[in-house]
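See below for the structure under consideration.
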Amino acid sequence: MSLLKVEDVFKLFPVRPDIFGRAKKFVHAVDGVSFSVEEGEIFGVIGESGCGKTTLARLIVGLIDYDRGSIKIKGEEVSEVKRLDVERFRRTVQMVPQDPVMAFNPRKTIKHFLTRPLLLHGGLGREEAVSRAHQLLEEVSLTPADFFLDRYPHELSVGQRQRVLIARALSLNPDLLVADEPVSYLDVSVRGQIINLLKEVHKKRRITVLLISHDLSVVYHLCSRIAVMYLGKVVEILDARDLFSKSLHPYTQALVSSFSVGFGISRGERIVLKGEVPSPIEPPSGCRFHPRCSFATDVCRKLEPKPLFSDGRLVACHLYDRL
Amino acid sequence: MSAEYDFKSFLLIKVVRSFVMVFIILTIGFLLIHLAPGDPIEFILGGAGFYTPEFIASVRERFGLDKPIHEKFVIYVLNFLRGELGYSYVFGLPVVEVIAARVPPTLLLMGTQLVLVIVVGSLLGILAASRPHSKLDYLVSSLSVAGISMPIFWLGLLLIFLFSVSLGLFPAQGMTSLRVTGWWEGFLDLLSHLFLPTLTLFLINLGLVTRTVRTSMLEALRSEFVVAARAKGLPERRVLFRHAFRNSLTPLITLIGLQLGWLLSGAVIVETVFAWPGMGRLLFTSIGSRDYPVVMGIFLLVSTAVVVSNLITELLYAYVDPRIRRAK
Amino acid sequence: MVREFWLRFRRNRAAVFGVLTLAALSLFSLFAIAFSRYGPFELAADPFKPPSLQHPFGTDDLGRDIFVQSAYGLAITLMVGAATAVLGGLIGIIVGSVSGYFRGALANATTAIIEIFQSLPLFFLVLVIISFFGSSITNTILALGLTLWASTARIQRGQVMTVKNLTFVEMSKLVGEKEYNILIREILPNSVQPSIVNIAYTASIAIVVESGLAFLGLGDPRMMSLGFIIGNARLFFFQAWWMGLLPGILLFLTILSLNLVSDGLNEVLNPRRS
Amino acid sequence: MNDAVLRVEGLSTYYYTDKGVVRAVDGVDLVVGENEVVGVVGESGCGKSTLAASVMRLLQPPAKIVKGSIFFRNVNLLELPEEEMRKIRGKKISMIFQNPASYLNPLLTVEEQMVESMTLHLRISKQEAASRAVNILEKLGISAPDTVIKYYPHQLSGGMKQRVMIGMAISCNPELVLADEPTTALDPTIQVQILEQLLELRKNLGLSMVVITHDLGVAKAICDKIYVMYAGKIVEEGKVGDVFNRPLHPYTYGLLESALSVYEKDRPAKFIDGAPPKLVEEIKGCYFANRCFNKVDRCLIEYPHPSFKNGRKVYCWNPVGD
């Protein structure tokens, strides 16, 4: 059963209102996105900056509201649960944020940071909450836990802070964990720790994870399936094992090629895309990728490709079977 | 998402806002007149005892004082738009004429002083910021904070004592001497009268400008495009002026443009100390002689001037910064 | 946190000098008032007596003791500064926080009010109010407090708008923290520092305005004020230099110390500088 | 030795902060030969950017060069008067920065910013400089360069800004270009474009370059020689193929493992335990010893002397694979 089902979701942000505050233009941040995440899987979303992946994460955890479409977690509409039973909603889905520096109130200790959600929900007393926090720190291998409970965030390294953020997200035993770029602030030599921790947590808790990242290697390593986003749309969904060798969409191929530059992991010529990502305020007609695609034809310029399914994967490209 | 406006709307918003501001200031003036103890006719005529009852009645009618309050307000606003602010009780003339005669001396004083302060203050600020923590920087910074902390009237008195009483170099009172012949002598006479009040205002505001420029320059000099400019091998002077100073202009414009009211209040005191025949001195004497129409008139005029200068400031921002001007 | 603040503040020698001077000035004024043999308006000796052991600051045109006058004036000056700072500071922080945190009509209205008050020529408004409603110390403090809050509010508003978008505030929302808790516990403690700096600056502005009014003869006639003493001295400057000089130094020192303390606070508290 | 474009010897740059002296660059040796692209690779805080700023003498207090020499064509830059150094900056040695958005002056047009160094260093007229600028931008793959040149930086996309930065850097035909994280702030598909551009420039102009990066892939793609930096010191140097295929220093080894292991799905990701030392502390022995899997007793006592092997150099008592 799918734990998370995203169907045709739209989120537009108004820009440059006129003097009466009416917006004439919109950033098409998330523009008709659909996918579903099975229970217990780690599902990845990749894309470059401005493709809408972070907005998508914020929509799913309910930090912002979607304009149209439907997001269901365990069969329940997010907008509904959020309105009717916000307590339960918070216990259903939690997030690990991107920036481990700004995610902490600099004036509060780790103890406060970890016990606060437990005190707000779950009806625990102070002492119980502290002992839960203790366990959580041990779960993310921050030991001795007592030492870390009394620290202020700035006394911890970036990697340690990232562990605390994971612990906090797990504190309410959510069914779905959304991790937004969990390792992008970390140096290469310590990234592996957090990657392994996420894997471990996933395995032990059987928790479903939505992993958002611009880093292909991380997504490849951790996920079972991957959605590739470009300018607010999902252009391809594929099995992670196919990412480096069997992707169908020309954008995915270019992304793969540019990411593994130097390491020679991708086969064949390095693909250099022309031009840059167009503005999400006025996305191109037809296929959004056509101005940068070297295969683009007239159809691509005029007609938006319908997402096609084949062998359980999705690709939104007019030409995928001809490439 | 923060609201970004295109430049035309931006302009329009600012102009509309300025009109609203003037309207609000008028309302405040109206409320003050009507809330203050005493008959509002006094605010228009001054002491009512000098006029015949018929005349008072006619003025009452003209200013709609016999009408209900909202009509009074409309008449008041319309009068303002026509430039009718009542009559000065002391001078027996329309307030507008009384004030208009006093505007040029104030403009002369403020203008001279502002030009000097902006030039010298900017240079000192740039100099101090280009050598942070040097002796020069400490000296400039200390003098700035001392200047800002100096009560303006006290400084004026000290300067009078020094230049006028002890050294006998410059006159301490007024704008012109009585017996002067020829335009050249007249000009020199004016300059010598201008010296002390200008110096007083200059010294006070110099600290303000220097500090502002120093702080914003320090920030600009820390920015990465300054590093890039240095990496291009540009001479330090060019880095300072073309790259850093241009980028640190906004706070200076803010200081001058948005603090006009504050700068003018210094002028009131200085004009009083040096008996300079400007608006500030007029305000002071009018308060003393309870010439309410003039007091209110000056308040409205100064407030409107401040609103206009705020508007000009916004336009200057756009002139300095293409990111505002060229927002597509 | 307090300890850390003090350790950093202590390094700014000028600011420490400011704190010490303010303390010394307050003590001076308290003791001088407590032990003075005359009131500020009382005729103590012959007119125009230069400073002596008997009358350290000399006497004025009526024979009043300027030392005693200055002590009273200083007390009033400090009080006006403190009262305005508290009144204006509270209004500023509350209005600024509301206008920065909430969205919609409430935010728009408060923002407009802040803008209006910011572009009113404060000194002139206070002048008009006082000349229409009479000069009393309460009127002065009220007029100052009710107009000097706007800059604080604008700063507070900007800070709140920055801080409320920081990730840690979202993190609180994510675990279901209540709105007022977020505003009071998360945002306020992390946004109020620049406002505190500004409040310290408004205290010195209040003192400048109050002394200016008193100098012009628009102060409270029942209260001695440093500005009033200097205003009075102005008429006799040629024959009795001491009448204005020493009170002027006191006034200058007060404003200077306040500004130095504000600068010190700015260095320690303003996030943009560290 | 004498054909080296740049020769850094025993360079130390310290930051004199309230919390103590930070030894950001600590006795670094580095040589850049004619037409050579040299990579300096390391993680955040290892001192690689300070190294670049030191070569350009662009350091601001509290940073200070305390020791060493920087020979550019056999002239010690550290002994030049500031005025002479200024003539080298932008003309003989130029720099490309990490974040083009903040390194371009927001208030000047692209043209104004490009022209000023050319009129200064090449002594040509403004018109000439402007048309040269258009030419350069065109070569860098900007379409409609005569329009773009009138733009302000905020009107350009990230990739365009970086092209303009590069254009500025090469506008006076420099002999050496220092590129400090030239692709880090850009999206992957744009990174590739910029890398291609740099490779092409190198081919066409015969540039000597120092590329400072934390991205091993970037270093591998464009460098001839690699210096690996850790905690303010160079720990290993060698030809790019050698270093990447057979790293000698345990840190290099761990770094490569960490980066590459993520590309393999079925084994745990590798990482290096612990954190780099704080550079204010006095450290005995090898700076990497506390994180090293290969350490021997000597590592904790004495900082390793360099050992040489087939034209490679490593600072380690017990190199990997010995």
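In what follows, chains carry the letters A, B, and so on, assigned in the order in which the sequence lines appear, proteins first and then strands, with residues in each chain numbered from 1. What you see is a predicted model; the values in this text were computed from it and never measured. When reading the values below, keep in mind they use all heavy atoms of this one structure, side chains included, and skip hydrogens, waters and symmetry mates.
Between the side chains of D:R7 and D:N74, at least one donor N or O lies within less than 3.5 Å of an accepting N or O. At a cut-off of 3.5 Å, with distance as the only test, a side-chain donor of D:E116 or B:H243 sits close to an acceptor on the other residue. With 3.5 Å as the limit, one finds a donor-acceptor pair spanning the side chains of B:E271 and B:T106. Using modelled atom types, one finds no donor on one side chain facing an acceptor on the other under 3.5 Å when comparing D:Q60 with B:R222. A donor-acceptor pair shorter than 3.5 Å cannot be found between the side chains of B:E219 and B:S216.
In this structure, B:S248 has no side chain to side chain donor-acceptor pair (under 3.5 Å) partners at least two apart in sequence or on a different chain. Looking at residues two or more places apart in sequence or on another chain, you find a side chain to side chain donor-acceptor pair (under 3.5 Å) between D:S49 and D:D180.
Here the side chain of D:T13 pairs no donor or acceptor atom with the backbone of D:I65 at under 3.5 angstrom. Side-chain atoms of D:R89 come within 3.5 Å of backbone N or O of D:M56 as a donor-acceptor pair.
Using a cutoff of 4.0 Å between basic side-chain nitrogens and carboxylate oxygens, B:E236 and D:R86 are not scored as salt-bridged.
No more than 12 heavy atoms of other residues, nucleotides or ligands shown are found within 6.0 angstrom of CZ on B:F23.
Note: D:Q113 leads D:K91, D:M85, D:M165, D:Q113 in heavy-atom pairs under 4.5 Å with chain B. Of the residues considered (B:K232, B:R230, B:H133), B:K232 shows the highest number of contacts with chain D, using heavy-atom pairs under 4.5 Å.
The stretch residues 98-106 of chain D places D:S102, D:Y103, D:L104, D:N105, D:P106 near chain B, each with some heavy atom under 4.5 Å from a heavy atom of that chain. By a heavy-atom distance cut of under 4.5 Å, not one residue of residues 131-148 of chain D is near chain B.
Using a 4.5 Å cut-off between heavy atoms, B:R242 contacts chain D through both its backbone and its side chain. Proximity to chain D involves both the backbone and the side chain of B:P235, based on heavy atoms less than 4.5 angstrom apart. At a 4.5 Å heavy-atom cutoff, the contact between D:M168 and chain B is made by side-chain atoms alone.
The residue from D:E84, D:E82, D:E83 that alone fulfils the salt bridge (Lys or Arg N to Asp or Glu O under 4.0 Å) condition with D:R57 is D:E82.
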